[in-house]
Amino acid sequence: MTDLKRALGEVVEAAFAAIGAPPELGRVTPSDRPDLADFQSNGALAAAKRLGRNPREIATAVVEQLAGDPRLAAVEIAGPGFINLKVASGALSERANGLAADPRLGAETVAAPRRVLVDYGGPNVAKPMHVGHLRASIIGESIKRLYRFRGDEVIGDAHFGDWGYQMGLLIGAVMDESPAIRTLVEAANAAGAAPADLSPLEAVSLADLDRLYPEAAAKGKADTDYRDRARRITAGLQSKQAGYYALWERFRAVTQVALERDFHALGVDFDWWKGESDVEDLIGPMVTELDAMGLLVDDQGARIIRVTRDGDKRELPPLLVVSSEGSAMYGTTDLATILDRKRQFDPHLVIYCVDQRQADHFEIVFRAACQAGYAAEGQLEHVGFGTMNGTDGKPFKTREGGVLKLNDMIEMTRDKARARLREAGLGEDMTPEEFEDIAGKVAVAALKFADLQNFRGTSYVFDLDRFTSFEGKTGPYLLYQAVRVKSLLRRAAAEGFDQGPVTVAEPAERDLVLTLDAFDAALTEAYDRYAPNALAEHAYRLSQAFSKFYAACPMLSAEPVVRSSRLTLAGATLRQLELALDLLGISVPERM
RNA sequence: GCGCCCGUAGCUCAACCGGAUAGAGCAUCCGCCUUCUAAGCGGACGGUUGCAGGUUCGAGUCCUGCCGGGCGCGCCA
């Protein structure tokens, strides 16, 4: 089912072709001047330049070709040669009926589905997630849902940071603190078998790890012996010594519980919980293979891959594959992960939803992967995002200056949502469970919509009061609109009112149908540019268009034919809005 | 030093291959609830798109320089 924009585009493109102009110039876009038209084509101006003719003359010739199209109520030339198209009400009604009958509400699927892997979230073992993980989770989840909805086969991978020197540091620190654990780990290492009784490990909590890690990291920097011990432990873990491994598994387990709680609270879930540890065994053979390909170069005692290319504006650092001390580096693991994913899933596209600051790192890794033949040019995409800042414009910190834990942020937002609901006098007739459910949904909507309404590349200011406001361009406003339609439809159903064929008559109805029609264009843009904000914008516009329609066009009290037409519009709006919100990772309660 | 990103209304942000009068929300002011959830709707106010040049019929968008801000620049991840 084609939207009006594209259907009209085809007609105008054909008209351009008919007069000997490049057809692609006939592209139709929503009008910049809604007072004059619904759609416009600017191509006559460009065609005039190419053909050396007068733009208005070309526009006139094109308009003649369009004459008689029943979908067009008016075709006019304005200004220097803009072609303005006004859609006939009949065509709008027909389009509305098509949308209402379409389970996808006008959304197309991609012509050639791909296998796509979305790498997002990026939690670390032993460290609670903090606000920095929020954007990756929100944006990544939305991109995953969007790609899947458009027909691609999509895997979301949390890509756990669960390996390396940091683990060695922590194992040492935990053993220092707990003699019981030290005894257990050392015994298991000596025995070469997993401990029979794991119960002493249960004392290890995420809070302990979170407390110990910064101390251990600091000590490791200052104290050479301490660092060397951590490295030995790391090596022991990597060779899977039973005691270290058992303790590490405990780290993973306690972390995952907290991560799942946070992700669940945000409505984020993954298909894969793979981590750096999963590719550990691949690294040795991969290095051998890279060496055999002749890609590895010895440099200052390390083994590197040079990735500079002709035309680079500056010299990009090489990929450090093996450090001078013989260990694999961050980029090595990333490269091995690319190889692993190729073997496991053979993706056409891997989307890395990671902070923009890692742009250079990914460029280096991607180039190396292409050189090694682990991926083709364009198959690896770093979808970077900006930072979330405090009201002072600097990266967000707590009042004490520390990093805010994600769980605390979610809790703060929930508190705010509860307070807002109570202020509005809502929830008094609800069970505590329902109230909590709604508060949770309002909080998630507030956080996610505040994030996703901005283009991902730009940084934005975190302002909880603004995000949780029920007024204006916020998540709670969108939920309110959706809930209002639900309430209306419930009443209509209770009265036994049916939905029926749409007849577009009022201006508010025209605008609503035109907005509904723009859904696929928003999805396409969001998909092509990895830009959920295009979809967020559409959801907001749809809500606004509906709200105007709601104010201008009474339903329950209207004549039966008008009523059934408007109820169909309301129903289609609700379904498209809920769908758009779902693709943003936002779910709508039944009532508020 | 080199490189990347950013600079749009008082504030927070948009702007679809370069198109008409640069749009929303908040804030401020004025209207609208005995009728479907007013968490809403209508209206007003608010701009030399950091500055200076250039390309173009046309520039927030492309190019050059400058000013201001953020970030990154091999043995952490």
Side-chain angles (χ1 to χ4, degrees), chain A residues 24-25 27 29-33 35-36 40 42 45-46 48-49 55 78-82 84 122 124 161 163-166 217 220-221 276 299-302 304 312-320 322-325 327 329-331 333-334 355-361 363-364 384 386-387 389 391 393-395 420-421 423-424 426 450 453-455 457-461 463 466 469-474 476-477 479-481 483-492 495 521-522 524-525 528-529 531 533-534 537 540-541 544 547-548 550-558 570 591-592:
Chain A
E24 65 273 13
L25 295 179
R27 196 171 65 106
T29 59
S31 179
D32 293 333
R33 296 287 305 272
D35 52 322
L36 301 179
Q40 64 183 338
N42 304 332
L45 296 150
K49 184 188 275 186
F82 300 103
N84 282 338
N124 289 305
W163 208 240
Y165 173 67
Q166 49 185 345
K221 272 188 188 160
E276 293 163 345
D299 190 89
Q300 298 171 37
I304 64 171
D312 281 355
K313 285 191 173 176
R314 72 192 150 127
E315 192 167 350
L316 216 52
L319 179 73
L320 192 54
V322 184
S323 77
S324 53
E325 299 192 349
S327 54
M329 306 302 295
Y330 173 41
T333 308
D334 280 353
D355 194 314
Q356 189 66 52
R357 289 176 287 198
Q358 309 249 5
D360 285 355
H361 167 73
E363 180 65 22
I364 292 164
T387 54
N389 296 333
T391 38
K394 303 232 169 79
R420 297 276 197 197
L421 288 167
E423 274 167 30
L426 292 170
Q453 71 170 296
N454 304 317
F455 180 70
T458 53
S459 298
Y460 70 98
V461 174
D463 182 343
R466 186 161 61 80
S469 171
F470 287 138
E471 290 159 18
K473 196 172 183 177
T474 66
Y477 166 89
L479 293 190
Y480 167 72
Q481 293 299 348
V483 164
R484 200 159 63 149
V485 192
K486 288 188 181 190
S487 169
L488 173 74
L489 293 176
R490 270 197 301 269
R491 276 175 175 259
E495 298 283 342
T524 303
E525 191 192 346
D528 290 345
R529 295 177 59 207
N533 69 306
E537 182 67 23
Y540 181 68
R541 283 194 191 153
Q544 267 193 328
S547 199
K548 287 172 189 178
Y550 183 90
C553 302
M555 276 163 262
L556 301 184
S557 59
R591 61 173 190 153
M592 285 168 74

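A note on names: the letters A, B, ... follow the listed sequences, proteins ahead of strands, and every chain is numbered from 1.
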> So what does A:Tyr165 touch, heavy atoms closer than 4.0 Å: a base, only the sugar-phosphate, or nothing?
Replying inline: nothing
> In whole angstrom, what separates A:Tyr550's OH from B:rU37's P?
Replying inline: 4 Å
>> Any non-hydrogen side-chain atom of A:Arg420 less than 4.5 Å from a side-chain atom of A:Phe470?
In response: yes
>> Is there, by distance only and without an angle test, a donor paired with an acceptor across the side chain of A:Gln300 and the base of B:rG74 below 3.5 Å?
In response: yes
> Any donor-acceptor pair under 3.5 Å between the side chain of A:Ser324 and the base of B:rC75?
Replying inline: yes
> Starting at the 5' end of RNA chain B, which residue's closest nucleotide do you reach first, A:Gln544 or A:Gln166?
Replying inline: A:Gln544
>> On the nucleotide B:rG42, are OP1 or OP2 found under 4.0 Å from the side-chain N or O atoms that A:Lys548 carries?
In response: yes
> Any idea which of B:rA14, B:rC36, B:rC76 is nearest the A:Met555 side chain?
Replying inline: B:rC36
> Taking the side chain of A:Leu556 as its heavy atoms from C-beta onward, which of B:rC36, B:rA77, B:rG3 lies nearest to it?
Replying inline: B:rC36
>> With the 90 degree cut-off around zero defining syn, does B:rC33 come out syn or anti?
In response: syn
>> Can you identify which nucleotide, out of B:rC16, B:rG40, B:rC36, has its nearest atom closest to the A:Thr29 side chain?
In response: B:rC16
> Taking only side-chain nitrogens and oxygens of A:Tyr480, does any of them come within less than 4.0 Å of OP1 or OP2 of B:rA38?
Replying inline: yes
>> If the cut-off is 4.0 Å, is A:Arg484 near the phosphate of B:rA38, judged by side-chain N/O to OP1 or OP2?
In response: yes
>> Between the base of B:rA20 and the side chain of A:Gln40, is there a donor and acceptor pair under 3.5 angstrom?
In response: yes
> Which nucleotide in the list B:rC16, B:rC36, B:rG74 gets nearest to the side chain of A:Pro318?
Replying inline: B:rG74
> Counting side-chain heavy atoms from CB outward, which of B:rG74, B:rG25, B:rA77 is closest to A:Tyr540?
Replying inline: B:rG25
>> Under a plain distance cut-off of 3.5 Å, with no hydrogens placed, do A:Tyr540 and A:Gln481 share a side-chain donor-acceptor pair?
In response: no
> Counting side-chain heavy atoms from C-beta on, which of B:rU37, B:rA24, B:rG72 comes nearest to A:Ser487?
Replying inline: B:rU37
> Taking syn as any angle within 90 degrees of 0 and anti as the rest, which one fits B:rC17?
Replying inline: syn
>> Regarding B:rG19, can its base be found pairing with the side chain of A:Asp32 as donor and acceptor, where the two atoms are less than 3.5 Å apart?
In response: no
>> What's the closest nucleotide to the side chain of A:Ala551 if the choices are B:rG72, B:rA15, B:rC41?
In response: B:rC41
> B:rA77, B:rC75, B:rC16: which one has an atom nearest the side-chain heavy atoms of A:Arg27?
Replying inline: B:rC16
> Rounding to the closest angstrom, what is the interatomic distance between B:rG60 and B:rC6 at atom C1'?
Replying inline: 13 Å
> Closest to the A:Arg314 side chain: B:rC41, B:rG3, B:rC16?
Replying inline: B:rG3
> Of A:Arg420 and A:Asn124, whose nearest nucleotide on RNA chain B comes first from the 5' end?
Replying inline: A:Arg420
>> Quick check: any donor-acceptor pair below 3.5 Å linking the side-chain of A:Asp334 to the base of B:rA77?
In response: no
> Counting just side-chain N and O atoms, does A:Tyr460 come under 4.0 Å of either OP1 or OP2 of B:rG70?
Replying inline: no
